[in-house]
Amino acid sequence: MKSKNEIQQICDILRKAYPDVKTQLLHRNPFELLISTILSAQCTDRQVNGVTPALFRVYPTPDALARAPIKKIEALIRPTGFFHNKARNIRACAAALVDRYGGVVPHGIEELVALPGVGRKTANVVRSAAFGQAAVVVDTHVKRISRRLGLTRHEDPVKIEFDLMAKVPEAEWNDLGLRMIYFGRETCRARKPDCPNCPLFDLCDYPEKTA
DNA sequence: ATCCCGAGGG
DNA sequence: CCCTCTGGAT
């Protein structure tokens, strides 16, 4: 396991590598961030960024999206994959925003997770990136990295989330998950981790790491 | 040809 | 727990 000092070093190195992860997201309004986060499941940023400008031009508000024909939504988001599920989910999500919250994205984890298409990962991205709340985002990148680094032994994402909150200083929570996601895509990849170029190599417990 | 890996549903 | 949904990367 990791000492307090090692954990702080990990946070510092990740901050240096990904200084502005959140500012890229903060300029978006919460509705757009929520919908684009739902769309980002299982696909690259490029795929999502390719469809969201047109999507939000045509359907700029929860009310507009809630009334959209499902086929129109599907046509707009097709390149992101799983487009049947995602189209149904984002429309139902928009409708729930209108019905339950007057078209305003709620701040609470319980309210967010209760929205169609929104799980804990998406909810925590919105909480941390749109509302600046202290939340640790845990997706499979974070899970994999946390286990490789030796920050947790858990497998369950919720246990990992609480484990990280217990070990990492609260000031770091908000950016940690987002930074790990970028780090996980570029360096600490699932299939072929780029250990030779990894800034965390010396702090990592991953047994199969390659020099 | 197989893996990626979020959310919902069985 | 298990499976399914899609396009892209490898």
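Letters go in sequence order (proteins before strands), and every chain restarts at 1. We use all heavy atoms of the structure for the numbers below, so side chains are in, but hydrogens, waters and symmetry mates are not.
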Whole angstrom is fine here: how far is it from [atom1] in [X] over to [atom2] in [N]?
| X | N | atom1 | atom2 | value |
| --- | --- | --- | --- | --- |
| L112(A) | dG6(B) | CG | C1' | 16 Å |
| I160(A) | dG6(B) | CD1 | P | 11 Å |
| N124(A) | dG6(B) | CG | C1' | 14 Å |
| I145(A) | dC5(B) | CD1 | C1' | 13 Å |
| D156(A) | dG6(B) | CG | P | 13 Å |

For this session: Tell me whether the OP1 or OP2 atom of dC4(B) has a side-chain N or O from R185(A) closer than 4.0 Å.
Result: no
Problem set entry | With T140(A) via side-chain hydrogen bond (donor to acceptor under 3.5 Å, both in side chains) - residues at least two apart | none
Problem set entry | Non-neighbouring partners of Q9(A) that pass side-chain hydrogen bond (donor to acceptor under 3.5 Å, both in side chains), sequence neighbours left out | none
Exercise. Among the clusters formed by ILVMFWY side chains lying less than 4.5 Å apart, do V98(A) and L33(A) turn up in the same one?
Worked result: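 Cluster IDs for V98(A) and L33(A) differ.
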Look for any protein N or O under 3.5 Å of an N or O in nucleotides 8-10 of chain B and output each such pair with its distance, or none.
unit_1, atom_1, unit_2, atom_2, d
dG8(B), OP1, G117(A), N, 2.5

Going by the side-chain hydrogen bond (donor to acceptor under 3.5 Å, both in side chains) test, which pairs reach into [range], not counting sequence neighbours?
| range | result |
| --- | --- |
| residues 59-68 of chain A | D63(A)-R67(A) |
| residues 156-170 of chain A | R120(A)-E161(A), N124(A)-E161(A), T152(A)-D163(A) |
| residues 96-106 of chain A | none |

Problem set entry | Derivation of the side chain to side chain contact (heavy atoms under 4.5 Å, CB included) call for T122(A) and L115(A) | CA-CA 10 Å; T122(A) 301; L115(A) 294 167; over 6 Å; no
Exercise. Which residue pairs pass the ring-ring contact (aromatic ring centres under 6.0 Å, His included) test when at least one of the two sits in residues 74-98 of chain A, sequence neighbours left out?
Worked result: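 Residue pairs with at least one partner in residues 74-98 of chain A: there are none.
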Can you give me every donor-acceptor pair (side chain of residues 184-196 of chain A, partner residue at least two apart or in another chain, under 3.5 Å) with its distance?
unit_1, atom_1, unit_2, atom_2, d
R185(A), NH2, D45(A), OD2, 3.3
E186(A), OE1, Y18(A), OH, 3.1
R189(A), NE, K192(A), O, 2.8
R189(A), NH1, E186(A), O, 3.4
R189(A), NH2, K192(A), O, 2.8
D194(A), OD1, N197(A), ND2, 3.2
D194(A), OD2, N197(A), ND2, 3.2

For this session: Give every residue pair that meets the salt bridge (charged side-chain N to carboxylate O under 4.0 Å, His left out) criterion with at least one member in residues 77-95 of chain A, sequence neighbours excluded.
Result: none
Problem set entry | Nearest-Å distance once atom P is located in both dG10(B) and dT6(C) |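 About 16 Å, rounded to a whole number of Å.
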For this session: Tell me what T122(A) touches on the nucleic acid: a base, only sugar-phosphate, or nothing, going by heavy atoms under 4.0 Å.
Result: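 Sugar-phosphate contact only - T122(A) comes under 4.0 Å of backbone atoms but never of a base.
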Exercise. Where along residues 133-143 of chain A does a heavy atom fall under 4.0 Å from DNA chain B?
Worked result: D139(A), T140(A), H141(A)
Problem set entry | salt bridge (Lys or Arg N to Asp or Glu O under 4.0 Å) against E172(A), all qualifying residues, sequence neighbours excluded |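 R15(A).
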Please tabulate, one pair per line, each protein N/O and nucleotide N/O from nucleotides 6-10 of chain C that are separated by under 3.5 Å, including the distance.
unit_1, atom_1, unit_2, atom_2, d
dT6(C), OP1, H84(A), ND1, 2.5
dT6(C), O4', F82(A), N, 2.9

